[in-house]
Structures are given as structure tokens and as C-alpha cells.
Amino acid sequence: MKFKQSKMTALATGVALGVASLAAQADGHGGLTQLGTVPATSGAKFAAGATINGGVSYLAEVPASEPADLVFTIEPDEADVGEEADIFAVLRIPGLGADGEAAWFQRISGGIWVPWDVRIATLDAYTSKTLEAHESITLIDGMVGNDANMAGMTIDAYVGYAVDGDFSQVTFNTLGASQTDADGTPAQLAIAAAAGDSCPANTTAADSSEGMLGGKDVCVLSGRVTSDTHLTSNFSYYLADQVIIGENDITANEDKVKLTIDAGTTVYAPTAGGGLGYLIIDRGGQLHANGSREKPVVFTYADEEDATPDTTGQWGGLVLNGSATLNVSGGTAEGEGNSGTYGGGDTPNDADSSGVMTFMQVKYAGQNFTEEDELNGIAFQGTGSGTLVDYIQVHNNSDDGVEFFGGATNAKHVLLTGNEDDALDWTQGWNGKMQFVAIRQTAASEHCIEADSNSDDNDATPRANAVISNMTCAGPSDSNESGFRLREGTSAQLSNTVIGNFGTSYCVDIDHAATFTAAGGSIADLNGSLTLSNSRVAMGCDFSMDDDDPFNVREWFDAQTGSMEGDVDLGGDSGLINGHMLNAVMPIIPNDPFFEQVDYIGAIKDETSDWTAGWSYSDWD
């Protein structure tokens, strides 16, 4: 059997294998793919996925320009947990065998990959260990398809174990009934072809006389896009006015039109006054903004180089329309800024997916057409729980940073900085979860949270009910801006939260009779549907109260489990990082698989664990 030496060298240097810990996303929104198991009688479970961002999301195909990992998780059969086992791994790589066919390799002790003849009898272990209930293996670590001469190729991979060295009883993800690849279910690292020299499909080359953006040639997106589109990072992209992805029909997730944006890509919009550029992901579309910590996906405006710390409202922003539940009549609504119909009507799908957004910035966006017609930094309009949102930033938006209009989308690692209205807003019955939310306000901001259930019918169902843990809300200290405004019938379970730096304004306000009534109607009858537990607010921070409030907001706060006024020692360049006094407070994290069981309150524990580092934008003084 003959092998191509150049590719063998790339394999030896570009592939590594080891056992490591991994917090994997659940199956579905960009998560690990479940695999088959041999023997079928085993209770073991295998899953795998390819990632360019440390497992924040998983991709069916990775860009050839980005370092990619292939990660396995194994849940051994219950009878095998605690047993000593040999671990093995094999790869099938196209083009390395005789006559250009695929060749098989196995990993052996010492980190060496050697040819394998696809027989269990010749399979060797690369390591041995006592099996735990959850094992994670990074089989391919940091492979760059372009560098390894593997752009456009798909690598099949298998891992397994043999208890007590008995290779007649091997357990592994399926190779197929005959131990070949003919009808198996391998894990795969699919590497995209190298990016082309011409603008991608559904874009057009900008006039070269208009110059570059961000040091790259420019491709233009325009109108409504009705077929899959892939924006590679070797170009910059320009939104020609309103750009819409997909149709406005209710569409099954697997049939939606996908806009895929590779890590390190920037999308620009016209500067306000030169046409209002903004991006709408319609109910029949999805956005896959696949950024990484080293190379985020960025949305901004064409003249960003002229921006100052006070610049806002230079383009429209990002709107996502979904088909999940709203608490409005008919189950649908019309988006602000002429952004289209959203919601699922009489047949909502709360698992609807509007795509995947990881390591993504939205800067200097937002428009205020009227007081009731505005564009936010990111508007999640009726989007479902199948939408993955993790590591996003909205910076210097002229209206709200992020607003949820109904739906069931969850989010983690959300950074909201310098937004002029409310950093986080929700309405129309949003029922979602968030963890690790860091908000820094300016003198132009209004609230960290403004929360409504339904402004027209405060008791409409389903009532808005947000569950949020590990939030930091840092005010500008020298202005009259405010913390949380909970109103118009909303419920919320807020916990492990830090509120500080609000000068003479209030930390918490509760408004409207329906909000008080839903919470229980009196201090004695609080029912747990509106809480701010295990949290710290700055000493002397006010609680807003009106004479006709059914109960006293300060007394409501005093009744919360584990919450109190105290020193709020936020620091770091961002003013969002806990000091030692905040880190002395023990958290009580919600008992829900969505929430990570961390050992601190607030959004960011310390400089070492600062999840905003490396990918976010700042213009701190």
C-alpha cells in the first residue's frame, strides 16, 4: 500500500489525541451528533462534533482556513463504569491509500498514527484508564485544512473501548455490521474547500473604484436571498439597504435558507443618511455566524474608522424573525422598522431555530423612526429555543441592545455596552433563560433591564417569564440612569445578580398593578414568580416606589432569599469584573441543565476567567 508522504507528514503533525474535559452543547442547535453503537446490546452512547471555538458550537463543515477540533463524548455502558479499559481511535482519510483511495490509520501508544487493516484483531490501544460516567476525547486538535493540504476532504473517525483488554468485546461508534465503513455512522470532520477568489454566490463584487473595507475586497449583499449563502472571510461584505434571508413563511428548521458567515468576517452597512442597511433573517431563514474567540464575526458600518466612544445609530441592526409563541392576538405581530411578520400564529413552534450566533459583535446600530418604531442592536422576534446564542456583544446601539419579542430563545455570555436605551428588553411573552450577562451603561443609557409581558394586555398568556443567573449591571455612576424596570405583568426569576454604580437613581422598579398581582399581590403572599435572589445591590441604591404600588418595592427586595445591599466592588478595565467582596458571596445557581454550576455571583469572576477577553470590542476610557 502506497501513501502520499506530504499528507502523512501533515497528519502526524496536525492531529493530536488526548482525553480532556468538555462541556458540550445539547444536541440540536449546533450541538454534538449522536452516533450508533456496536454492539447494539451495549448501553454505551457516543456523540461527536467538529468545532472551531472550543465546543461553543459544532459545525457540519469547518472552514479550511480555521483550526478545527473533532470532539467525542462517550457515556460507557453502566456496567463498564469504574472498570479498567483500553481506549482506541481510528481514522479513515481520503486520498492517502493506493491509487488515491481512502486509507485507515490507528493511534497507538506514543502518539503515532500507523496504517490499520480494519480488523479488530489488529487493533491496538493508545491508552488505558478507569472509565468514568462521561468521557471526552479530542481526537483531532487544531487541524487547519489549508495547511494540512486537506481542504475539501472529509475525515471519518471512530473511538471505542475494551474492558479489561478483551478486544473480543469492543464497544465503539458504529463501523457497520461487518466492521467496515459500508453502512456505518462515523464521526466526521468535513473540511470546506478553500475559499475562492471570486465573490460567493448571491453576492456581487463592489465597484473597485469604491475601495476596500477592512483591507479586503468587498462583496455586496442585496434584496431578498432565497438560497443558501456562505460568506467566507477572505472578503468584506456590504449590505445594500435592507437585506432579507429566506421567505416569510413558517418553515421547518431543516428546510430554511442559511446565511453562513465564517470566523473573521466583517459585514458593513451604509452609514446612516446613505441608505439604511440592516439584515433580516426571516421566518424561512437562518443565520449561522460562526465566530471564534480569535476571530469574531462583526457587524458594523462602513465608516467605522471615524467612530468615537459616543457614536451610535449609524445603521439598522440585526433582526431575526421566528415562528415561536407570542402572547398577542393571533400569535403573530409585525416587526418594527418594516422588518416583517413574526411568530407562529395558531401553530407555534417553540423549538424553532433561527440559527447559531457565536462570538459575534454588533456595533453602532439602531434607528429610532418614532417612539414606538425602532430598530434594536439585535431583535429576537418570536425566535425559538433551537436558536443558539453564545458569546455575543451589542455595542453603542441607539435603541435597546437586545430585545426579545416573545419566543423561547436562550442565551449565554451576552455583553451589552454603551447602548442608549435599555441594554436588555423583553415583551410579548418571552420565556427564555440567560446566564452570564454583562452590562455596562453610559450617561445616555436608560435601564439595564426593561421587562414587559404585554403592553396592551398585561395579563395575556403565556406571561413573560425570564430566568436569568449571573448578571452584572454597572451604571455610569454620574447620571440618573437606572437598573431594572419590571412592569406590564412580567414575571422573572433573577438570581446571582450584581447591580451597582447608579448614583442617585434606582436599582429596581416594579410598575403596573398586573406585575404586582402576578407576583402575589402583597409581601405576605409573594409566590416566587418575580424574584431577585442571592444578589447584591450597591449600598444606598434606591428602590423606586409609587404611592399606589400594592406593596413596597424595598420590602419586596428585603424578602428575597439571600439578597442584600452591600459593597459592590466591580473593577477591571470594563468595570464589570468582581472584586474579592463579591466573590465571597456564595451563589445558588438554578437547578436546570441550561445553567453552569459556577462558584460566583455576577457575570465575570476575575481577570483570569474573563469570558469577554479576546473577542469583544471596547473603547473604555
Could you tell me how the ring of [X] sits relative to the ring of [Y]: parallel (under 30°), tilted (30 to 60°) or perpendicular (over 60°)?
X      : Y      : result
Trp611 : His413 : perpendicular
Phe359 : Trp615 : perpendicular
Tyr617 : Tyr364 : perpendicular

Mind checking what makes ring pair (Phe, Tyr, Trp, His ring centres under 6.0 Å) contact with Phe594, not counting sequence neighbours? none
Kindly write out the residues that satisfy ring pair (Phe, Tyr, Trp, His ring centres under 6.0 Å) with His288, not counting sequence neighbours, or none if the list is empty. none
Any sub-3.5 Å donor-acceptor pair from [X]'s side-chain atoms to [Y]'s backbone N or O?
X      : Y      : answer
Asn349 : Ala351 : yes
Lys216 : Ser233 : yes
Lys256 : Arg283 : yes
Asp156 : Arg92  : no
Asp241 : Gly277 : no
Asn376 : Gly401 : no
Glu304 : Ala302 : no
Glu420 : Gly366 : no
Ser445 : Asn419 : yes
Gln381 : Val319 : no

Check the surroundings of atom CG in Asp197: do more than 12 heavy atoms from other residues, nucleotides or ligands lie under 6.0 Å from it? no
Using the side chain to side chain contact (heavy atoms under 4.5 Å, CB included) rule, take Phe46 and Leu32 through it: C-alpha gap first, then chi angles, then the decisive distance, then the call. CA-CA 10 Å; Phe46 293 83; Leu32 296 171; over 6 Å; no
Show, in sequence, the C-alpha distance, side-chain angles and deciding distance for Thr300 and Gln361, and conclude whether the side chain to side chain donor-acceptor pair (under 3.5 Å) test is met. CA-CA 8 Å; Thr300 186; Gln361 303 172 13; over 6 Å; no
Any side-chain heavy-atom pair from [X] and [Y] closer than 4.5 angstrom?
X      : Y      : result
Asp282 : Arg224 : yes
Thr260 : Glu61  : no
Phe436 : Val598 : yes
Phe299 : Ile261 : yes
Met357 : Leu320 : yes
Phe235 : Pro200 : yes
Val159 : Leu139 : yes
Asp350 : Asn431 : no

Hey, could you give me the [atom1]/[atom2] distance between [X] and [Y], rounded to the nearest 0.5 Å?
X      : Y      : atom1 : atom2 : value
Ile250 : Ser323 : CD1   : OG    : 4.5 Å
Tyr301 : Asp306 : OH    : CG    : 6.0 Å
Leu259 : Ile244 : CG    : CD1   : 13.0 Å
Asn396 : Lys363 : CG    : NZ    : 10.0 Å
Ser618 : Arg440 : OG    : CZ    : 8.5 Å
Asp619 : Thr417 : CG    : OG1   : 7.5 Å

Sequence neighbours left out, what passes side chain to side chain donor-acceptor pair (under 3.5 Å) with Asp303? Give chain and number order. Thr271
Please tell me whether [X] and [Y] have a donor and an acceptor in their side chains that are separated by less than 3.5 angstrom.
X      : Y      : result
Gln286 : Ser354 : no
Asp390 : Ser57  : no
Thr232 : Asn234 : yes
Ser616 : Gln393 : no

What heavy-atom pair brings [X] and [Y] nearest, and what distance separates the two atoms?
X      : Y      : result
Ala474 : Cys448 : N-SG, 4.3 Å
Thr472 : Ala603 : OG1-N, 2.8 Å
Thr51  : Val56  : OG1-N, 4.3 Å
Leu91  : Ala157 : CD2-CB, 3.5 Å
Asp421 : Gln441 : O-NE2, 4.3 Å
Ser227 : Asn202 : OG-ND2, 2.9 Å

As a test of understanding, state which of Leu189, Asp262, Val144, Asn290 forms a side-chain contact (heavy atoms from CB on, under 4.5 Å) with Val62. Leu189
Applying the side-chain contact (heavy atoms from CB on, under 4.5 Å) test to Asp352, which of Thr383, Thr325, Asn253, Thr409 qualifies? Asn253
Please assess Met150 against Ile93 for the test side chain to side chain contact (heavy atoms under 4.5 Å, CB included), listing each intermediate value before the final yes or no. CA-CA 9 Å; Met150 291 186 178; Ile93 302 178; 4.1 Å; yes
Just do the side chain to side chain contact (heavy atoms under 4.5 Å, CB included) check on Met471 and Met434 with the steps written out, would you? CA-CA 9 Å; Met471 172 183 281; Met434 299 182 78; 5.7 Å; no
Stepwise, does the side chain to side chain contact (heavy atoms under 4.5 Å, CB included) test hold for Leu239 with Tyr278? CA-CA 7 Å; Leu239 301 176; Tyr278 57 112; 5.6 Å; no
